[in-house]
2 protein chains.
Amino acid sequence: MAVSKRGAEAKSDPVHFNARIEGIDYDVLDDLVGYAVRRAQLSIYEDFAATLAAEDITPQRFSSLVIIENNPGISQTKLAEVMGIARSGVVSIIDRFEKGGLVERHASDDRRSYSLHLTRDGKRQLKRYKKTVLDHDHRIAQALSGAEKKLLRDLLKKLCPLPGA
Amino acid sequence: MAVSKRGAEAKSDPVHFNARIEGIDYDVLDDLVGYAVRRAQLSIYEDFAATLAAEDITPQRFSSLVIIENNPGISQTKLAEVMGIARSGVVSIIDRFEKGGLVERHASDDRRSYSLHLTRDGKRQLKRYKKTVLDHDHRIAQALSGAEKKLLRDLLKKLCPLPGA
DNA sequence: TATTGTTATACTCTATAACTATA
DNA sequence: TATAGTTATAGAGTATAACAATA
């Protein structure tokens, strides 16, 4: 069944998500919008991870960089709100970026908070990441036409509660 | 800004994901199919968790129960394959179900493996969970017509690589 | 009093690798 | 030799709560 390993050591099977396994009855899962989204998300995440395995980046970190680039001077608390994570989580993300020389914490008017900015190197790197992520995004959606992609994005948007709702 | 707490202790802000924050420029994230899916997934997960907070269930565990119910006698390794997680992860999931009296490990022909089955109580509980999950699923997709939901599911399906691809 | 960033801590999820018993 | 289940362990990720500096 499985391909033989070269050495004598028995290793664990590589973990991989298959949205549909032959012969399995998924019952109600096939009718749930939520499960369809989850299923797609797992597939997409796997391709993202494989595509950017060499880089020290994740969907989370990529999003953070994009948000900082396009909202320069944003505070850590605001970034936490945008990402939907705790403030303490942003600390480690920014620490990592700062160590990597991608992001800088600048002083701001309110001396309690930092003003986040991409460094020149951060901008350069993000440009590269963007190219790779766009490639990845085109690949995972290659079965869809441009119109279908737009339609899909619009339908998905309707699943997210509006700010005032 | 924030609502005052009653006591004197300063607590952390509750973490919550808002798909779109006023005044934030999401740049390329708005064009990515992958980010649209992720965004929806976070919103949906939050509603799922809130809806089933009282029950000891997660999307992962719910899916496992459904798969076991509709594929009685399935092995742990097969279940791991279906869920896209490591075999070791299934052990703890089934341990928990077994402790809760929802699932039983039966002996199978191949004495290395177990044959998983829902108990009577497991079936009863799952019936309840299904009702709640369906409510939740209708709620998160309430902005979509039946036809739109079907369309969305079909489009999402196209994002998942086919078994042979 | 409230807020920002920070730290300490804990909990969940998950993967990897090694072990055992079977095949 | 290979596979099923198990265990031990480690690494992410994330939340909560408390603290110092500042508002």
Side-chain angles (χ1 to χ4, degrees), chain A residues 1-17 38 42 45-46 49 53 56-61 63-64 73-81 83-98 103-116, chain B residues 1-17 38 42 45-46 49 53 56-61 63-64 73-81 83-98 103-116:
Chain A
M1 223 32 124
V3 179
S4 290
K5 308 304 182 305
R6 243 155 286 161
E9 350 71 66
K11 299 285 178 57
S12 295
D13 295 330
V15 172
H16 159 67
F17 178 68
R38 179 180 154 78
L42 288 171
Y45 190 90
E46 202 166 281
D56 187 30
I57 201 81
T58 62
Q60 180 89 271
R61 284 178 217 142
S63 306
S64 301
I74 193 174
S75 72
Q76 294 188 185
T77 294
K78 190 74 181 174
L79 183 57
E81 187 192 352
M83 306 295 298
I85 62 176
R87 285 176 299 145
S88 59
V90 170
V91 175
S92 17
I93 292 175
I94 302 301
D95 279 354
R96 177 193 291 259
F97 286 150
E98 214 176 28
V103 170
E104 276 173 359
R105 289 171 160 110
H106 292 174
S108 79
D109 274 357
D110 184 334
R111 280 155 62 207
R112 287 173 303 183
S113 71
Y114 289 124
S115 157
L116 301 175
Chain B
M1 233 17 134
V3 178
S4 289
K5 306 305 182 302
R6 241 156 286 158
E9 350 69 68
K11 299 285 176 55
S12 296
D13 295 331
V15 172
H16 158 69
F17 177 67
R38 178 180 157 75
L42 288 171
Y45 189 90
E46 202 166 281
D56 188 31
I57 201 82
T58 61
Q60 180 90 271
R61 284 177 217 144
S63 306
S64 301
I74 192 174
S75 72
Q76 295 188 184
T77 294
K78 191 73 180 176
L79 183 57
E81 189 192 352
M83 307 294 300
I85 61 176
R87 285 176 299 142
S88 59
V90 170
V91 175
S92 16
I93 291 176
I94 302 301
D95 280 352
R96 174 191 294 257
F97 286 150
E98 216 177 28
V103 170
E104 277 173 359
R105 288 171 160 109
H106 293 175
S108 78
D109 274 356
D110 185 334
R111 281 157 59 208
R112 287 172 302 183
S113 71
Y114 289 123
S115 158
L116 301 176

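In what follows, chains carry the letters A, B, and so on, assigned in the order in which the sequence lines appear, proteins first and then strands, with residues in each chain numbered from 1.
Residue-level contact check: B:Val91 touches the bases, meaning some heavy atom is under 4.0 Å from a base atom. No contact: B:Ser92 has no heavy atom under 4.0 Å from any strand.
Residues satisfying the salt bridge (charged side-chain N to carboxylate O under 4.0 Å, His left out) test with B:Arg111, not counting sequence neighbours, are none. For B:Glu81, the salt bridge (charged side-chain N to carboxylate O under 4.0 Å, His left out) partners two or more places apart in sequence, or in a different chain, are B:Lys78.
For C:dT6, one of the phosphate oxygens OP1 or OP2 lies less than 4.0 angstrom from a side-chain nitrogen or oxygen of A:Arg105. Contact check, A:Arg111 against D:dA23: a side-chain N or O comes under 4.0 Å of OP1 or OP2. Residue A:Arg87 places none of its side-chain N or O atoms closer than 4.0 Å to OP1 or OP2 of C:dT6.
Separating the CG atom of A:Asp109 from the P atom of C:dT4 is a distance of 14 Å, rounded to the nearest angstrom. Regarding A:His16, its NE2 atom lies at a distance of 16 Å from the P atom of C:dT14, rounded to whole Å. With rounding to whole Å, A:Ile93 atom CD1 is found 17 Å from C:dT4 atom P. The CD1-P distance, from B:Ile57 to C:dT12, rounds to 15 Å in whole Å. Rounded to whole Å, atom C1' of C:dG5 lies 15 Å from atom CD1 of A:Ile74. Distance CZ (A:Arg112) to P (C:dT1): 17 Å, rounded to an integer number of Å. Counting to the nearest Å, the C1' atom of D:dA4 and the NZ atom of B:Lys78 are 14 Å from each other. Protein atom CD1 of B:Ile85 is 6 Å distant from nucleotide atom P of C:dT14, rounded to whole Å.
For the pair A:Ala86 and B:Ile94, both in contact range of DNA chain D, the more 5′-proximal nearest nucleotide belongs to B:Ile94. In terms of position on DNA chain C, the residue among A:Thr77 and B:Asp110 whose nearest nucleotide sits closer to the 5' end is A:Thr77.
Of the candidates A:Ile85, A:Ile93, A:Leu116, A:Leu79 forms a side chain to side chain contact (heavy atoms under 4.5 Å, CB included) with just one, namely A:Leu116.
Here the CZ atom belonging to A:Arg38 is positioned 5.0 Å from the CD atom belonging to B:Gln60, to the nearest 0.5 angstrom. Atom CD1 of residue A:Ile57 and atom CZ of residue A:Arg96 lie 9.0 Å apart, to the nearest 0.5 angstrom.
Remark: side-chain polar atoms of A:Ser115 are not paired, donor with acceptor, to backbone N or O of A:Ser108 under 3.5 angstrom.
Below the 3.5 angstrom threshold, one finds no donor paired with an acceptor across the side chain of B:Ser88 and the base of C:dT14.
Between B:Ile94 and B:Phe97 there is a side-chain heavy-atom pair separated by less than 4.5 Å.
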Nucleotide N/O of nucleotides 10-13 of chain D paired with protein N/O under 3.5 Å:
from   : atom 1 : to      : atom 2 : distance (Å)
D:dG13 : OP2    : A:Arg61 : NH2    : 3.2

